[in-house]
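As the structure lists them, so they are numbered: ligands from 1, and atoms in each ligand from 1.
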Amino acid sequence: MKIGFIGDIVGRPGRAMVRKHLQELRETEGLDFVIGNYENASHGFGLTEKNAQELFKAGIDVMTGGNHTWDKKEIKGMLESLPLLRPVNYPEGVPGRGVRIFEVGGERLAVVNIMGHFAMPMVDNPFIAANRIVDVLRSEGIGHIFIDMHAEATSEKRALLMMLREKVSAIVGTHTHVGTDDLVIDKGCAYVTDVGLTGCRDNVIGMDARVPIERFLTGLPGRFDVPDKCKAILQMAVVRLEKGRAADAYKIRVYSEGDREIALRARIED
Ligand SMILES: [Fe+2]
Ligand SMILES: [Fe+2]
């Protein structure tokens, strides 16, 4: 099966790129299933129901979250009624779920959302949670396991790969909004530290650059805003799985000017 993963979709420019390009990418790349990260989809903060429907209609099958999952109050009901995830390592009793299982081409695929520890809300230990959930999925005979590791620290993402590479199919990073060039298939597990944002590429992590500049100059708080107009980008990791292992992985960038490129192809390590 071939899976497309779109990292943090930021605001209207990000959603517009998904609406404009995803159906065609599904066809040209032969994608069977598409995952996207919603945590910044609605004006940079969380997800509204209207925008969720817009993104599902555009061709996304399931969406993962992160620390911004909770920014819109309506998310709590949506986590039950729509194919949405929030990080699995929130404590018991928190609404929503961090794992969903899908049937793709007659095979089962588990999508898992985990949140890192450094500079993140205080949640349960992501490594202990990851081990526990992966063991449960494997004991249920689910071989295709795709993880969105939503974390600030590159070391946490890399450590998760080292810990789980023989047990899961793919670990892709989100949250920093900056794509990294370390796409690899390591012992059958596709990995990239961060897929990077889908949204404005000419500002600061998809947000209007004036606000962070002012914040950094003065130390005073300011409300982040998504620009109305910008040069945008859609970034997608594509992973082809065979019998639960990653056989090929590459990264596509589509620009708002209309051009696109295969930006990286994974090196395969034993
Ligand atoms: Fe984000
Ligand atoms: Fe985040």
Side-chain angles (χ1 to χ4, degrees), residues 4-18 34-48 51-52 54-55 60 62-73 75-76 78-79 84-90 94-98 111-126 129-130 147-158 160 171-180 192-209 211-212 215 222-227 230 232-237 251 253:
F5 184 95
I6 303 170
D8 305 58
I9 300 162
V10 183
R12 184 177 298 160
R15 299 195 314 273
M17 287 298 283
V18 173
V34 175
I35 307 163
N37 185 292
Y38 67 77
E39 77 153 2
N40 308 105
S42 295
H43 210 74
F45 296 91
L47 179 70
T48 63
N51 293 160
E54 175 188 351
L55 289 165
I60 295 179
V62 62
M63 288 197 281
T64 52
N67 52 309
H68 287 292
T69 283
W70 315 103
D71 290 356
K72 300 278 188 285
K73 284 204 173 71
I75 193 69
K76 287 184 182 165
M78 291 158 61
L79 286 170
L84 297 171
L85 296 173
R86 49 86 172 149
V88 72
N89 49 323
Y90 274 97
V94 170
R97 66 187 85 170
V111 180
V112 183
N113 192 187
I114 300 172
M115 188 159 70
H117 179 74
F118 176 74
M120 285 298 193
M122 192 171 71
V123 289
D124 295 344
N125 183 314
I147 297 177
D148 170 0
M149 174 58 162
H150 192 82
E152 177 76 24
T154 53
S155 59
E156 291 181 12
K157 297 178 181 180
R158 200 59 211 171
L160 196 74
I171 300 171
V172 294
T174 55
H175 176 72
T176 73
H177 297 201
V178 177
T180 58
V192 66
T193 297
D194 210 300
V195 176
L197 67 83
T198 286
C200 293
R201 68 177 201 267
D202 57 355
N203 276 267
V204 176
I205 64 169
M207 305 291 185
D208 190 326
V211 180
R215 278 171 57 151
R223 176 85 179 163
F224 281 121
D225 204 8
V226 177
C230 64
I233 191 167
L234 183 156
Q235 306 192 70
M236 176 192 270
K251 164 127 175 239
R253 294 193 191 117

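Residues forming a salt bridge (Lys or Arg N to Asp or Glu O under 4.0 Å) with Arg12 (at least two apart in sequence, or on another chain): none. With sequence neighbours left out, Arg97 forms a salt bridge (Lys or Arg N to Asp or Glu O under 4.0 Å) with Glu80. Here Glu152 pairs with Phe118, Ala119, His175 under the side-chain contact (heavy atoms from CB on, under 4.5 Å) rule; sequence neighbours left out.
Distance alone, capped at 3.5 Å, is enough to place a donor-acceptor pair between the Asn37 side chain and the Glu39 backbone.
Across every non-hydrogen atom of Arg15 and Ile9, the tightest pair is N-CG2, 3.7 Å.
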For a ring pair (Phe, Tyr, Trp, His ring centres under 6.0 Å) check, start with the C-alpha distance between Trp70 and Phe45, then their side-chain angles and the critical distance, and finish with the verdict.
CA-CA 9 Å; Trp70 315 103; Phe45 296 91; over 10 Å; no

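Protein N/O/S atoms found under 2.8 Å from the Fe ion (ligand 1): Asp8 OD2, Glu39 OE2, Asn40 OD1, His177 NE2.
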